[in-house]
2 protein chains.
Amino acid sequence: LIELRDVHKIYGQGTEAEVHALRGITVAITRGEFVAIMGTSGSGKSTLMNLLGCLDRPTSGSYHLAGREIARMSKGELAETRNEVLGFVFQNFNLLSRTSALENVELPLIYRGEKSKVRKARAKESLERVGLGQRMGHTPNQLSGGQQQRVAIARALVGKPEVLLADEPTGNLDSRTSTEVMALFQELGESGITVVLVTHEPDIAEYASRVLVVKDGVVVSDERKTPK
Amino acid sequence: LIELRDVHKIYGQGTEAEVHALRGITVAITRGEFVAIMGTSGSGKSTLMNLLGCLDRPTSGSYHLAGREIARMSKGELAETRNEVLGFVFQNFNLLSRTSALENVELPLIYRGEKSKVRKARAKESLERVGLGQRMGHTPNQLSGGQQQRVAIARALVGKPEVLLADEPTGNLDSRTSTEVMALFQELGESGITVVLVTHEPDIAEYASRVLVVKDGVVVSDERKTPK
Ligand SMILES: Nc1ncnc2c1ncn2[C@@H]1O[C@H](COP(=O)(O)OP(=O)(O)OP(=O)(O)O)[C@@H](O)[C@H]1O
Ligand SMILES: Nc1ncnc2c1ncn2[C@@H]1O[C@H](COP(=O)(O)OP(=O)(O)OP(=O)(O)O)[C@@H](O)[C@H]1O
Ligand SMILES: [Mg+2]
Ligand SMILES: [Mg+2]
C-alpha cells in the first residue's frame with residue numbers, strides 16, 4: 001500500500017537553515033498494518049509523516065501510495081488523494097481558530113461535497129466518539145489542549161480514511177483519555193484501516209504490531225511484534 | 001509564596017460556552033517546592049496554571065503571590081510581576097512565528113530593557129542548555145515539535161525566574177530529551193526556584209516532591225513524596 005524508496009528530504013537548500021532531514025528512507029507498509037514510529041526530537045519523524053500524508057514531496061526518491069507515484073501527481077491530484085484516502089492528525093493540531101469544533105471536523109466532508117445535514121451528523125458522531133459531545137460549539141481557544149487534540153483526531157477520522165497518519169496523537173492526553181483514543185485506533189486497525197502513528201511513549205507503541213525507530217533521518221530499527 | 005484561596009474560574013458567563021472550570025481551589029505552595037499537577041483532559045490544569053501565571057484572573061477567590069494580592073494589581077503591575085518573577089512554558093508554546101528561536105528567547109529580556117549584546121549572549125546560553133545550539137536562526141516553522149517546545153522552555157528560563165510554571169513541558173519530547181529537560185528543572189529546583197509543572201506522564205511526576213491531582217475543577221488529592 002505504502003512504498004518509500006530511498007527518500008531524501010532537504011529543507012532550505014542553499015540557505016542558512018539547510019537541513020538534510022531524511023537521508024535515504026526505504027520502507028514498505030502493507031494494508032491493515034499498525035505501525036508506530038519512534039525516535040528522538042528532531043530525528044525526522046514529522047518530516048516522514050508529512051511525506052506519507054502527501055503534504056510535502058521528497059527532494060529525491062520515490063513514494064508509491066496505492067500503486068500511484070506521488071512525485072508524478074499534480075497539486076490537484078495530491079489534494080484529492082489526501083482527502084479521499086488519508087486522515088491526518090497533526091503534531092500541532094492545525095485547527096481553524098475562528099470556527100467551532102463541529103465545523104472543524106466537518107471540513108474534510110465539505111471538500112467532498114457532502115450535504116450539510118449529512119456532514120453535521122457525521123461530525124457530531126466523530127466528536128462524540130472522542131468524548132467531546134459537550135464541546136461541539138466551542139472554538140479551539142475555548143478548549144483545553146487535550147480537547148483540541150481530540151478535535152484533530154475526530155477530524156482525521158470523520159472521512160473514514162483508508163490510512164490514518166497520527167503525529168503524537170496522545171501528547172496532550174492523560175492516561176485514561178489516551179487509552180480511549182488508542183482503543184478507537186485499534187478498532188479501526190481491526191476493521192482494515194492502516195494506522196501509522198508517531199509517539200514518544202512506549203505504552204502507546206505497545207498497541208502497534210510493528211515499530212520503526214528513526215535517528216538522524218534514517219530508519220535504524222524495524223521490528224515486528226505482538227500488539228497489545 | 002503562592003496562596004490560592006477558594007478560587008473559582010467561570011469562562012463565558014452567560015454565553016453558550018459557559019464552563020465552570022475551577023470550582024473552589026485552595027492551595028499553598030512554599031518557596032523551593034517542586035509540584036506536579038496531574039488530572040484528566042479538561043479537568044482545569046491549564047486554567048489553574050494561567051491564574052498562577054497572572055495571565056488571567058479568578059472569577060472569585062484570592063491569589064497571593066509573594067505576599068501581594070493579584071486581584072488588586074493593575075494590568076501594568078501584573079505584566080511587571082510576570083516578567084520579573086515568573087517563567088511560563090505554555091502547553092501550545094506561544095512562540096512568535098516570524099522571528100528566530102534566538103529572538104523568541106530574547107523576548108523576556110527585551111521587556112526588561114537589557115542591552116542587545118547581553119540579551120543575545122543569555123538567549124544563546126539558554127538555547128544551548130536545551131540542546132538547540134544548532135537551531136538558533138530557525139523560525140518556529142523550521143523546527144520540529146519537540147524543538148519548538150524546547151525554545152519555549154529556553155524562553156521561560158532565560159530571565160532566571162523565581163517561579164517556573166510549565167504546562168506539559170515534555171509532551172512532545174522523546175524520553176532521552178525529556179530526561180535532559182527534567183534534569184535541568186531539577187537543578188533549578190535545587191537552586192531554590194519553585195517549580196510547578198503539569199504533566200500527564202507518571203515518569204515526569206516522579207521528579208516532584210508533591211503531586212496535586214485535579215478533577216472537574218477541584219483538587220482531589222495532594223500528596224507529598226520523595227522525589228526521584
Ligand atoms: N475560553 C474558554 N471558554 C470556555 N470554556 C473553556 C475555555 N477555556 C477552557 N475551557 C474549558 O475549561 C475546562 C478546563 O480547561 P483546561 O484547559 O484548564 O483543561 P486541562 O486540564 O488543561 O486539560 P488538558 O489536559 O486537555 O490540557 C475544559 O473543559 C475546557 O473546555
Ligand atoms: N522548514 C524547515 N526548515 C529547516 N529545517 C527544518 C524544517 N522543518 C524541520 N526542520 C528540521 O528537520 C529536522 C527534522 O524535523 P522533524 O519535524 O521531522 O523532527 P521530529 O522527529 O518530528 O521531531 P519531534 O519529535 O521534536 O517532533 C529537525 O532537525 C528540524 O530542525
Ligand atoms: Mg515531530
Ligand atoms: Mg491543559
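Lettering follows sequence order; numbering is per chain, from 1.
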Inset, instruction - Over all heavy atoms of both residues, which pair between Ser41(A) and Asp174(B) is shortest? Give the atoms and the distance, please. - result: N-OD1, 2.6 Å
Legend entry - Part of Gln147(A) lying under 4.5 Å from any heavy atom of chain B: both
Legend entry - chain B contact via Thr170(A) - which portion, at a heavy-atom distance below 4.5 Å: backbone
Legend entry - Toward chain A: residues of residues 89-105 of chain B with heavy atoms under 4.5 Å: Gln91(B)
Inset, instruction - Taking atom NZ of Lys120(B) as the centre, report whether more than 12 heavy atoms of other residues, nucleotides or ligands fall under 6.0 Å from it. - result: yes
Legend entry - chain A-proximal positions within residues 203-212 of chain B [heavy-atom distance under 4.5 Å]: none
Inset, instruction - Mind ranking Gly146(B), Ala17(B), Gly145(B) by heavy-atom pairs under 4.5 Å with chain A and telling me who comes out on top? - result: Ala17(B)
Legend entry - Which of Ala21(A), Ser175(A), Gly12(A), Gly171(A) touches chain B most, by non-hydrogen pairs under 4.5 Å: Gly171(A)
Legend entry - Heavy-atom contacts under 4.5 Å, residues 217-228 of chain B to chain A: none
Legend entry - Residue Glu201(B) versus chain A: region with a heavy atom under 4.5 Å: side chain
Legend entry - Largest heavy-atom contact set with chain A, pairs under 4.5 Å, which of Met38(B), Lys45(B), Arg150(B): Arg150(B)
Inset, instruction - Search all heavy atoms of Asn172(A) against all heavy atoms of Glu168(B) and return the closest pair with its distance. - result: OD1-CG, 4.1 Å
Legend entry - Side-chain heavy atoms of Ser46(B) within contact of Ser144(A), under 4.5 Å: no
Inset, instruction - Tell me the residues of residues 128-139 of chain B whose non-hydrogen atoms fall below 4.5 Å from those of chain A, in number order. - result: Arg135(B), His138(B)
Legend entry - Rounded distance [0.5 Å steps], CD in Gln142(A) versus OG1 in Thr15(B): 6.5 Å
Legend entry - Proximal component of Val198(A), with respect to chain B [non-hydrogen, under 4.5 Å]: neither
Inset, instruction - Answer yes or no: does atom CD of Glu18(A) have more than 12 heavy-atom neighbours from other residues, nucleotides or ligands under 6.0 Å? - result: yes
